[in-house]
Amino acid sequence: MNTLENSYHAAAHEAIEARFARGIVARLSERADNVGSDVAQRLRFARQQAIEAARRARAAGAVEGIGLTSQGVAIAGFNRSRWWLRIASALPLAALVAGLVLIQDWQNRSQISVAAEVDAALLGDDLPLNAYRDAGFVEYLKAPPGE
(Lines give C-alpha, C1' and ligand atoms only; values in the text may rest on other atoms or scores of the structure.)
Protein backbone atom coordinates (compact mmCIF):
# COMPACT_ATOMS: atom_id res chain seq x y z
CA MET A 1 0.00 0.00 0.00
CA ASN A 2 1.18 3.49 -0.66
CA THR A 3 1.20 6.41 1.73
CA LEU A 4 -2.07 7.85 0.45
CA GLU A 5 -3.91 4.57 1.04
CA ASN A 6 -2.36 4.26 4.51
CA SER A 7 -3.48 7.78 5.45
CA TYR A 8 -6.97 7.07 4.08
CA HIS A 9 -7.28 3.88 6.12
CA ALA A 10 -5.96 5.64 9.23
CA ALA A 11 -8.45 8.49 8.80
CA ALA A 12 -11.32 6.04 8.22
CA HIS A 13 -10.30 4.08 11.31
CA GLU A 14 -10.17 7.24 13.42
CA ALA A 15 -13.61 8.31 12.12
CA ILE A 16 -15.11 4.95 13.08
CA GLU A 17 -13.56 5.16 16.54
CA ALA A 18 -14.85 8.73 17.02
CA ARG A 19 -18.38 7.74 15.94
CA PHE A 20 -18.33 4.77 18.32
CA ALA A 21 -17.09 6.97 21.18
CA ARG A 22 -19.81 9.58 20.52
CA GLY A 23 -22.44 6.83 20.62
CA ILE A 24 -21.19 5.53 23.96
CA VAL A 25 -21.03 9.05 25.42
CA ALA A 26 -24.59 9.74 24.27
CA ARG A 27 -25.93 6.54 25.85
CA LEU A 28 -24.07 7.17 29.09
CA SER A 29 -25.28 10.77 29.21
CA GLU A 30 -28.88 9.63 28.77
CA ARG A 31 -28.58 7.26 31.74
CA ALA A 32 -26.50 9.59 33.94
CA ASP A 33 -29.58 11.49 35.13
CA ASN A 34 -31.14 8.32 36.59
CA VAL A 35 -28.29 7.29 38.94
CA GLY A 36 -28.04 8.04 42.62
CA SER A 37 -25.68 10.61 44.09
CA ASP A 38 -23.26 8.02 45.50
CA VAL A 39 -22.96 6.33 42.09
CA ALA A 40 -22.50 9.73 40.41
CA GLN A 41 -19.65 10.55 42.82
CA ARG A 42 -17.92 7.21 42.14
CA LEU A 43 -18.31 7.72 38.37
CA ARG A 44 -16.88 11.25 38.61
CA PHE A 45 -13.89 9.95 40.58
CA ALA A 46 -13.32 7.07 38.14
CA ARG A 47 -13.56 9.49 35.18
CA GLN A 48 -10.93 11.78 36.74
CA GLN A 49 -8.61 8.82 37.31
CA ALA A 50 -9.09 7.64 33.72
CA ILE A 51 -8.31 11.10 32.36
CA GLU A 52 -5.16 11.32 34.47
CA ALA A 53 -4.03 7.85 33.36
CA ALA A 54 -4.59 8.81 29.72
CA ARG A 55 -2.48 11.96 30.17
CA ARG A 56 0.35 9.95 31.71
CA ALA A 57 0.16 7.39 28.89
CA ARG A 58 0.31 10.11 26.23
CA ALA A 59 3.23 11.73 27.98
CA ALA A 60 5.06 8.40 28.12
CA GLY A 61 4.21 7.72 24.47
CA ALA A 62 2.69 4.32 25.17
CA VAL A 63 -0.82 3.01 24.89
CA GLU A 64 -1.74 0.46 27.51
CA GLY A 65 -3.94 -2.54 26.89
CA ILE A 66 -4.98 -4.25 23.71
CA GLY A 67 -6.12 -2.25 20.73
CA LEU A 68 -7.01 -2.90 17.12
CA THR A 69 -4.81 -1.20 14.53
CA SER A 70 -4.89 -1.27 10.75
CA GLN A 71 -2.06 -3.84 10.83
CA GLY A 72 -3.64 -6.11 13.43
CA VAL A 73 -3.81 -6.34 17.21
CA ALA A 74 -1.49 -4.13 19.24
CA ILE A 75 -0.61 -5.37 22.72
CA ALA A 76 1.02 -3.12 25.32
CA GLY A 77 4.69 -3.80 25.90
CA PHE A 78 5.40 -5.20 22.44
CA ASN A 79 7.83 -3.51 20.11
CA ARG A 80 5.89 -1.80 17.36
CA SER A 81 8.86 -1.38 15.01
CA ARG A 82 7.40 -3.81 12.43
CA TRP A 83 10.81 -5.43 11.80
CA TRP A 84 8.99 -8.60 10.81
CA LEU A 85 7.13 -6.66 8.11
CA ARG A 86 10.44 -5.47 6.65
CA ILE A 87 11.81 -9.00 6.64
CA ALA A 88 8.65 -10.33 5.01
CA SER A 89 8.93 -7.62 2.37
CA ALA A 90 12.54 -8.56 1.64
CA LEU A 91 11.84 -12.30 1.30
CA PRO A 92 10.30 -12.11 -2.21
CA LEU A 93 13.25 -10.03 -3.38
CA ALA A 94 15.69 -12.56 -1.94
CA ALA A 95 13.77 -15.42 -3.61
CA LEU A 96 13.87 -13.56 -6.93
CA VAL A 97 17.62 -12.96 -6.71
CA ALA A 98 18.24 -16.59 -5.72
CA GLY A 99 16.08 -17.77 -8.63
CA LEU A 100 17.97 -15.57 -11.09
CA VAL A 101 21.31 -16.86 -9.79
CA LEU A 102 20.13 -20.47 -10.15
CA ILE A 103 18.85 -19.82 -13.69
CA GLN A 104 22.19 -18.24 -14.65
CA ASP A 105 24.07 -21.23 -13.22
CA TRP A 106 21.82 -23.66 -15.11
CA GLN A 107 22.31 -21.67 -18.33
CA ASN A 108 26.11 -21.72 -17.91
CA ARG A 109 26.12 -25.46 -17.30
CA SER A 110 23.92 -25.99 -20.34
CA GLN A 111 26.25 -23.98 -22.57
CA ILE A 112 29.29 -25.84 -21.23
CA SER A 113 27.56 -29.15 -21.89
CA VAL A 114 26.72 -28.19 -25.49
CA ALA A 115 30.28 -26.97 -26.10
CA ALA A 116 31.66 -30.22 -24.65
CA GLU A 117 29.43 -32.27 -26.98
CA VAL A 118 30.63 -30.28 -30.00
CA ASP A 119 34.27 -30.70 -28.94
CA ALA A 120 33.79 -34.43 -28.37
CA ALA A 121 32.16 -34.79 -31.79
CA LEU A 122 34.99 -32.88 -33.47
CA LEU A 123 37.74 -34.77 -31.71
CA GLY A 124 36.07 -38.14 -32.15
CA ASP A 125 35.30 -37.65 -35.85
CA ASP A 126 37.57 -38.95 -38.61
CA LEU A 127 38.92 -35.73 -39.96
CA PRO A 128 41.84 -35.55 -42.27
CA LEU A 129 44.81 -33.69 -40.84
CA ASN A 130 44.67 -31.17 -43.65
CA ALA A 131 41.18 -30.13 -42.51
CA TYR A 132 42.60 -28.49 -39.42
CA ARG A 133 45.03 -26.40 -41.53
CA ASP A 134 42.49 -25.55 -44.20
CA ALA A 135 41.11 -22.01 -44.26
CA GLY A 136 37.67 -23.41 -45.19
CA PHE A 137 37.48 -25.58 -42.07
CA VAL A 138 34.50 -23.62 -40.78
CA GLU A 139 32.69 -24.38 -44.04
CA TYR A 140 33.55 -28.04 -43.60
CA LEU A 141 32.03 -28.00 -40.12
CA LYS A 142 28.86 -26.35 -41.40
CA ALA A 143 28.39 -28.96 -44.11
CA PRO A 144 25.87 -31.68 -43.27
CA PRO A 145 27.37 -35.06 -42.37
CA GLY A 146 27.77 -37.54 -45.18
CA GLU A 147 29.12 -35.14 -47.84
Side-chain angles (χ1 to χ4, degrees), residues 1-125 127 131-132 135-146:
M1 283 194 204
N2 61 26
T3 307
L4 184 61
E5 289 176 358
N6 284 341
S7 62
Y8 172 75
H9 288 297
H13 190 261
E14 289 177 13
I16 291 170
E17 285 179 349
R19 189 173 10 168
F20 180 72
R22 281 193 305 270
I24 290 177
V25 168
R27 299 313 179 283
L28 290 175
S29 295
E30 289 173 3
R31 304 288 184 217
D33 296 335
N34 299 336
V35 282
S37 64
D38 61 331
V39 174
Q41 289 297 325
R42 285 187 285 168
L43 288 175
R44 185 181 57 76
F45 181 72
R47 183 175 46 241
Q48 288 174 348
Q49 284 183 335
I51 290 171
E52 185 60 34
R55 285 184 186 143
R56 283 193 306 261
R58 277 191 219 125
V63 176
E64 294 186 18
I66 297 175
L68 185 62
T69 66
S70 61
Q71 288 81 20
V73 176
I75 300 174
F78 280 80
N79 187 2
R80 299 179 183 191
S81 66
R82 303 283 185 234
W83 58 268
W84 56 268
L85 185 60
R86 291 182 184 155
I87 290 174
S89 298
L91 284 178
L93 180 62
L96 177 66
V97 170
L100 291 174
V101 167
L102 289 174
I103 289 171
Q104 181 66 33
D105 183 53
W106 175 74
Q107 194 75 339
N108 286 342
R109 289 177 188 265
S110 175
Q111 289 176 352
I112 290 170
S113 175
V114 169
E117 287 177 16
V118 169
D119 288 346
L122 285 176
L123 293 174
D125 198 12
L127 290 175
Y132 290 105
F137 182 63
V138 175
E139 295 301 322
Y140 175 77
L141 289 176
K142 289 182 182 178

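As the structure is a prediction and not an experimental result, all values here were calculated from the model.
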- Qualifying residue for side-chain contact (heavy atoms from CB on, under 4.5 Å) with I51, from Q49, R55, Q48: R55
- Item | Heavy-atom check, side chain of R44 versus side chain of Q41, under 4.5 Å | yes
- Have a look at S113 and tell me which of R109, Q111, E117 forms a side-chain contact (heavy atoms from CB on, under 4.5 Å) with it. E117
- Minimal non-hydrogen separation, S89 against P92, with atom names: O-CD, 3.4 Å
